Protein chains: 2
Amino acid sequence: MIETDELLSIRAAELYYEENKTQDEIGGVLRLTRWKVGRLLAQAKANGFIRIEIVHPRARRLPVERRLRDATGLTDAIVVSTAGVSGDDELQSRTAQAAADYLTSLRPIPRTLGISWGRTLHDVSVHLAPGWASGVNVVQINGGVSLNKRPGTAATTAVTIAQKAGGAATLLPSPAILERLETKRAIESDRAVAAVLEMASGASAFLYSAGQADENSAHVDSGYLHPDQVTELVRKGAVGDIVGRYIDSNGNIVDPALDERTVGIRLDQLRAATTAIAVISGRSKHPVARAIVGSGLCTVLVTDEDTANAILDDSP
Amino acid sequence: MIETDELLSIRAAELYYEENKTQDEIGGVLRLTRWKVGRLLAQAKANGFIRIEIVHPRARRLPVERRLRDATGLTDAIVVSTAGVSGDDELQSRTAQAAADYLTSLRPIPRTLGISWGRTLHDVSVHLAPGWASGVNVVQINGGVSLNKRPGTAATTAVTIAQKAGGAATLLPSPAILERLETKRAIESDRAVAAVLEMASGASAFLYSAGQADENSAHVDSGYLHPDQVTELVRKGAVGDIVGRYIDSNGNIVDPALDERTVGIRLDQLRAATTAIAVISGRSKHPVARAIVGSGLCTVLVTDEDTANAILDDSP
DNA sequence: GCATTTCTCGCTCATATGAGCAGTCGCAAC
DNA sequence: GTTGCGACTGCTCATATGAGCGAGAAATGC
């Protein structure tokens with residue numbers, strides 16, 4: 001009889017959801033009372049036979065967001081749906097859009113926003129609507145000006161975000177990683193740089209993304225690291241980088257010597273922040289995402305459904 | 001504003017379908033009246049942003065069935081859902097199950113059921129429940145006893161269906177295709193064979209499947225045709241075979257000479273039948289399916305969603 | 001074989017929802 | 001200006017649906 005009931009619940013669901021019949025009408029067709037039909041329908045839902053999907057680029061997955069918040073202690077989680085997504089680019093774009101939306105609705109409005117740079121952050125800047133806020137000053141929180149392939153993208157990102165909020169952008173005029181420790185110390189003590197770093201430390205909110213640790217890393221692309229160096233970092237346990245610093249799956253610095261030569265705010269500063277928004281999407285970034293969330297490097301995560309599920313599968 | 005409304009309708013849908021909030025509550029969250037929320041939800045549905053799927057092996061697609069009936073003039077159409085299907089085997093199995101269900105609920109119960117043989121029909125016989133009907137006699141409608149790889153499957157199919165209905169099976173003791181026309185004439189005039197063929201002609205319902213026209217055809221497998229012969233048939237426009245006869249996309253016999261040597265009921269007999277149930281599933285059979293439905297070779301089609309859509313895309 | 005527990009059914013009642021309608025606003029033509 | 005049209009809003013009212021309840025059936029334990 002349990003078998004029969006399951007089949008009946010499917011027949012009822014077909015009539016209810018696909019033919020838009022009322023439960024009473026279905027009762028007529030299947031020779032059941034309308035209460036029985038209601039129960040069958042409830043059963044079909046409970047068994048997971050009814051799948052409802054919201055197919056839209058801006059759709060979010062609220063239940064996943066909640067589970068993420070509950071499981072990880074994040075202040076907030078934004079999870080975009082992957083339903084109907086065509087490729088990695090679209091996923092990235094959806095996530096960036098969601099980050100832009102989140103930033104726009106963020107209260108209190110940050111007076112100073114510290115940002116990193118990269119493909120993702122650039123996308124976010126593009127998706128922000130002009131006038132998304134007013135009087136927000138933007139400051140870069142890690143180095144990396146000149147060596148980029150397309151020089152100036154890092155700067156453009158910061159400037160765009162600031163401009164659209166009617167605020168000023170403060171750039172960090174320093175490479176991401178220096179070759180010698182002394183040079184790094186020297187540049188850090190330079191007035192221009194020190195002032196920016198101080199401003200960055202005092203930002204009321206941070207927005208950053210993460211890079212994977214492999215030959216496609218932005219650091220390799222822009223010449224700060226040699227592919228072999230990345231391989232070596234991976235061997236030591238690196239899963240990716242945030243604000244230029246390579247971390248392992250526990251969120252710890254992988255190579256302290258290298259890290260010492262990296263210009264930008266430190267991870268403990270990020271951990272201490274009231275609002276640190278990480279924007280991460282794509283299969284290849286699941287490991288970094290896990291590390292970041294697991295070690296409290298962000299208070300807010302903006303990501304895609306798959307990444308969120310990867311984190312959830314991991315944590316309990 | 002139209003942009004904003006679309007986004008709002010998505011937010012409303014998230015809260016309604018994923019968080020199970022009432023429209024009133026959603027109104028509270030989004031600062032809208034509950035009527036506005038209702039309208040946004042209706043809009044989201046109308047725009048196709050809400051996709052509801054019934055995920056179950058026995059799920060059917062009633063709207064597609066109706067469109068099929070309307071577009072083709074079939075008496076009945078059974079379309080199984082492909083949602084969550086893992087492979088071709090499962091699709092085949094789901095379709096066979098549906099055919100078995102249809103047969104079980106068929107009214108009036110046929111006194112004599114004419115059947116073909118093959119993988120699909122075998123599957124149907126397996127899925128039929130014992131006692132699915134009472135007193136139904138089964139008769140084979142095309143030849144093909146001995147040459148099979150696993151001799152006896154054709155017979156087993158017929159016997160199983162009959163047995164489970166408490167009736168008798170009548171086998172057609174003849175090869176599917178004979179090498180010489182005279183032999184075919186001779187065997188047809190043999191009392192044993194002629195009697196079966198006559199019984200087949202008078203069956204109150206027919207149940208058959210179709211084969212694709214390529215090197216995987218059952219006729220090649222069982223040695224009735226050489227792969228080259230099939231290639232030649234394809235060159236002449238063959239899209240597949242039903243009850244052993246190769247047809248083109250218009251449902252016409254491709255090779256009259258070959259057809260003359262094929263033992264079984266003729267296509268015009270099938271076309272004249274009150275109830276002729278075709279069971280067809282799988283990508284490779286889309287062309288035959290189109291031909292069969294398009295040329296009125298069946299009154300009832302049991303198939304999968306993809307095949308149904310292929311037929312629908314074709315017809316208007 | 002009987003008592004007890006658990007399920008299931010059909011119901012009442014409260015609530016959620018959709019249809020339809022009148023009022024209002026913005027806009028354009030006169 | 002004003003008059004008419006169309007889109008939209010917030011309402012009333014009818015209907016569809018879900019929660020909860022008590023009676024009886026079925027399963028379980030003794």
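Per chain, numbering begins at 1; letters A, B, ... match sequence-line order. The shown structure was predicted, so the numbers you read here are calculated from the model rather than taken from an experiment.
For the contact set between residues 11-35 of chain B and DNA chain D, defined by any heavy atom under 4.0 Å, the members are B:T33, B:W35.
Across the protein-nucleic acid pair, A:Q43 atom CD and C:dT8 atom P stand 9 Å apart, rounded to whole Å. Rounded to whole Å, atom P of C:dT8 lies 8 Å from atom NZ of A:K36. The distance from atom CG of A:L41 to atom C1' of D:dA19 is 16 Å, rounded to the nearest whole Å.
The salt bridge (charged side-chain N to carboxylate O under 4.0 Å, His left out) test applied to A:R67 returns no partner, not counting sequence neighbours. Annotation: ring pair (Phe, Tyr, Trp, His ring centres under 6.0 Å) contacts of B:H286 (sequence neighbours excluded): none. Residues forming a salt bridge (charged side-chain N to carboxylate O under 4.0 Å, His left out) with B:R39 (at least two apart in sequence, or on another chain): none. Remark: B:Y102 engages no residue in a ring pair (Phe, Tyr, Trp, His ring centres under 6.0 Å) (not counting sequence neighbours).
One finds a salt bridge joining A:R94 and A:E90 here, because a Lys/Arg side-chain nitrogen approaches an Asp/Glu carboxylate oxygen to under 4.0 Å.
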Under 3.5 Å, side-chain donor or acceptor atoms of residues 23-30 of chain A against the rest of the protein: list the pairs with distances, not counting sequence neighbours.
unit_1: A:E25; atom_1: OE1; unit_2: A:T22; atom_2: N; d: 2.8

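Judged by atom type and distance alone, B:R39 reaches the base of D:dG10 through a side-chain donor-acceptor pair under 3.5 Å.
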